[in-house]
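Each chain gets a letter, A, B and so on, in the order its sequence line appears, and its residues count up from 1.
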Amino acid sequence: MKLDHTQPLEYSTKQNQLNILGFWIFLGAEIMLFATLFASYFTLEDRIGNGPSGGEIFGITPVMIETILLLTSSFTIGLTVNAMRIGNKKAMLTFFVITLLLGLAFLGVEIYEFYHYVHVGAGLQTSAFTAILLTTLGTHGAHVTFGLFWGLFIVSQVKKRGITTETTNKSFIFSLYWHFLDVVWIFIFSFIYLKGMM
Amino acid sequence: MEFFDRFAIPHPSPLIYASMVAIGLTVIAIIAGLTYFKKWGYLWREWLTTVDHKRIGIMYLLSALLMLFRGGADAIMMRAQLSVPENTLLDAQHYNEIFTTHGVVMIIFMAMPFIMALMNFVVPLQIGARDVAFPRLNALSFWLFFMGAMLFNISFVIGGSPDAGWTSYFPLAGNELSTSVGTNYYMIAIQIAGLGTLMTGINFIVTIFKMRAPGMTLMKMPMFTWSALITNIIIVFAFPVLTVALAMGTMDRLFGTHFFATTNGGMDMLWANLFWVWGHPEVYILILPAFGIYSEVISAFARRNLYGYKSMVGSMVIISLLSFFVWVHHFFTMGQGALTNSIFSITTMAIAVPTGIKIFNWLFTLWKGKIEVTVPMLYSLGFIPIFTIGGVTGVMLGMSAADYQYHNTMFLVAHFHLVIIPGVVFAMIAGLTYWWPKMFGFMLNERIGKWTFWFIAIGTCVAFFPMFISGLDGQARRMYTYSESTGFGIWNMLSFFGAILLAIGFALIVYNIYYSIRYASRDIGDDPWNARSLEWATHNPVPDYNFAITPEVSSSEGLWDAKKRGHTLFKGPYKEIHMPSNSGVPFIMSAIFFVFGFAMIFSMWIVAIISAIGIFACMAHRSFEQDHGYHISVDEIKQTEAKFGGAKE
């Protein structure tokens, strides 16, 4: 394998570069996926049938907690990549685990939120609005859940195999994924929650 | 027994029972044959676990041909049913199922894999690469497509086929009006195949951007590679829309949501919009690679370089952009209002401009060329006039005011068949014939090939031209019969005759393959067509590693330069070659996807959950696996090259 030492480890082999570009393109597809969900959300937003509207069920507290948790985790995954670049395995693992814990906490609050919605009569089958709301949030939540397992696998690989061309590549790509979920959340926060509560 | 009731066909007929028996016997015959000839190991090692883009391409090709006959059988049954008024060959329900599966199979399980086949086989060779960027992902793409196709195809013997049209509009496709599991098959089988397509899209964009031979800048790529690049970009942007639409449709049918329902705030037009936001770009996903093939074939057999290379690229870019802004023209009559319709009318008609540029570029390439009428060239020459007729009627349909007359009539059916058959099917057969020697090391018989062309070309015209007339007279599409007094009888009889000609043509393709396997010469050299681009610069058949030495080029026609201008393609000594190792995981994971899909279709939640865990387990396995491939040593390369008749150094 040819190593290019002018590049950081995650970019140092041809295959690593291909992986990163491929993942960026995958994120392009993900943008289309969420864009479609948002377009559908805006279409169905006011079609509440006999169910509640967004303004009636959204509460600012859980949403703010979720936002702070996820934004912080985006910061810590940045610190993870930074620690990885300077070759500090211990710091890298610490920040990585903190990121995943924050993600887990986010997921906990979101599960509570879903429970709350169903409790107040905004289930998946209530109306077109509740269906698209829970589907959009749920798609994001499913991405976070997937990310938790994926991140856990990478953590254990970094722990066992150290900072190598492969583990850095995986960690870097994971960081792209995690930042992306954060960006999607900002859109959810602004255009679903804030818009709904205004 | 109640549990098993749902697997029964809701609407059985002797024909379906016969198919069940036929499928059963075929499966037994395949298993027995593989066991008798001790081919299980061979099948597993060489095909099921392969990550080689060439073998994956060939598997796509076989699947596409298989599905061509499945979709073709549907077509013949439809035309037979309509050939005379008040026919009772099929009843309304069967007719609904057949036009639905005909559409889905032909678009998603025939045309798509055919394109994937040629892209997989040709693109890495044309850009001088050893494989695609992610060989294992490529295998996963194929197997997901394959399992999706198989899942869709078992619908007509287990549980019932979808019957709401290939567009599957809601509320017709909802639970109330489509009571069988057929539409579940539609939602889930297409979803699985679509995931594979999306992965292919990502894979090929990276491959084309990052793995081109030294010297091949973007504007020096062969035109087929250009068309593949743009197609894959459209795939990446269009398929996620379908993913979401199908997921929402699945939830409506399985979990009782109200996305597309007519109650509780649901909006049926949302499905129509989402479907066509994917569906119209999908049309260009099919046609652009076809344009690429025509560009290759016409320039090769006119013995001239392609006229207007830059405008060819530019027009494809414009088509790909416009393709996302025309979707409303599929439902002008569904009440958007005049302004919206006018906007989409204009964008629709605007597409004719870049397409026209391409047509003229091909004509100018032919101008003063030394035209050699081979089979691929014959298809390309036949494509131009027939496609133009289909295209011009498309502009007619694009005028929203006039569309109220044409909408959902046989006129529309005539239009899209007359673009998609010369556009896609002709191109696929042309590409198949053109690249066949590279795939298999012998050529298809030219004489049978020319007969085939005439059957298919005349069959296309005879089958679809009469529909323009009956359509303008008011014959609606998707009607399973009509009365004698309508006067549609004669036109439909003509169409049926054309369909038979087409069927003979497709049968001749199979005969040609059989004939050529038996009798064709194996001594054809590396470049039997005297062609121009890099795929012809390597051996025939292509060795595992494609090129022993990475070629260096200075134009889009690397081989032509080497032949006519003394350019050296292969510089420098042999070096060790790194190859990806085979893996059974893509096949296994896709097989679990099949089980998952089947369980979802029949709401067997426990099986669905277990198989979903299985899918994630495969992904986890991939995450922890350390696989660095293997290396082919310089000695091995020398031996292989010598075996292929002289090393290229």
Part of [X] within contact of chain A (heavy atom distance under 4.5 Å):
{"X": "B:L198", "result": "side chain"}
{"X": "B:F239", "result": "neither"}
{"X": "B:F260", "result": "neither"}
{"X": "B:A247", "result": "neither"}
{"X": "B:M248", "result": "side chain"}
{"X": "B:T243", "result": "side chain"}

Pairing donors with acceptors under 3.5 angstrom, does anything connect the side chains of [X] and [Y]?
{"X": "A:T99", "Y": "A:T76", "value": "yes"}
{"X": "B:H628", "Y": "A:Q15", "value": "no"}
{"X": "B:S623", "Y": "A:W150", "value": "no"}

Determine whether a donor-acceptor pair (N or O, by modelled atom type, separation under 3.5 Å) exists between the side chain of [X] and the backbone of [Y].
{"X": "A:H140", "Y": "A:T136", "value": "no"}
{"X": "B:H53", "Y": "B:N120", "value": "yes"}
{"X": "A:Y177", "Y": "A:V144", "value": "no"}
{"X": "B:N232", "Y": "B:A228", "value": "yes"}

Using side-chain heavy atoms (C-beta onward) and a distance below 4.5 Å, is A:L37 in contact with A:Y41?
no
If you count heavy-atom pairs under 4.5 Å between each of [options] and chain B, which one has the most?
{"options": "A:T139, A:L33, A:L134", "result": "A:L33"}
{"options": "A:I154, A:T126, A:I31, A:N50", "result": "A:T126"}
{"options": "A:G123, A:A39, A:A29", "result": "A:A29"}
{"options": "A:I48, A:I132, A:T130", "result": "A:I132"}

Chain B contact via [X] - which portion, at a heavy-atom distance below 4.5 Å:
{"X": "A:L44", "result": "side chain"}
{"X": "A:F149", "result": "neither"}
{"X": "A:E30", "result": "neither"}
{"X": "A:F26", "result": "both"}
{"X": "A:D46", "result": "neither"}

Hey, which of [options] has the most heavy atom pairs under 4.5 Å with chain A?
{"options": "B:V277, B:D252, B:V241, B:L242", "value": "B:V241"}
{"options": "B:V206, B:V236, B:I233, B:I235", "value": "B:V206"}
{"options": "B:Q626, B:M251, B:M199", "value": "B:Q626"}
{"options": "B:M619, B:M267, B:H578, B:M211", "value": "B:M267"}

Return the CE to CD1 distance between A:M197 and A:I192, rounded to the nearest 0.5 Å.
11.0 Å
Please determine whether side-chain hydrogen bond (donor to acceptor under 3.5 Å, both in side chains) holds for the pair A:S74 and A:H179, giving the CA-CA distance in whole Å, both sets of side-chain angles, and the decisive distance to 0.1 Å.
CA-CA 6 Å; A:S74 203; A:H179 289 309; 2.8 Å; yes
Kindly indicate, with the supporting measurements, whether the criterion ring-ring contact (aromatic ring centres under 6.0 Å, His included) is fulfilled by B:F259 and B:W271.
CA-CA 8 Å; B:F259 288 113; B:W271 166 268; over 10 Å; no
Should A:W185 and A:T67 be marked as a side-chain hydrogen bond (donor to acceptor under 3.5 Å, both in side chains) after you check the CA-CA gap, both sets of side-chain angles, and the distance that decides it?
CA-CA 8 Å; A:W185 181 261; A:T67 308; 3.1 Å; yes
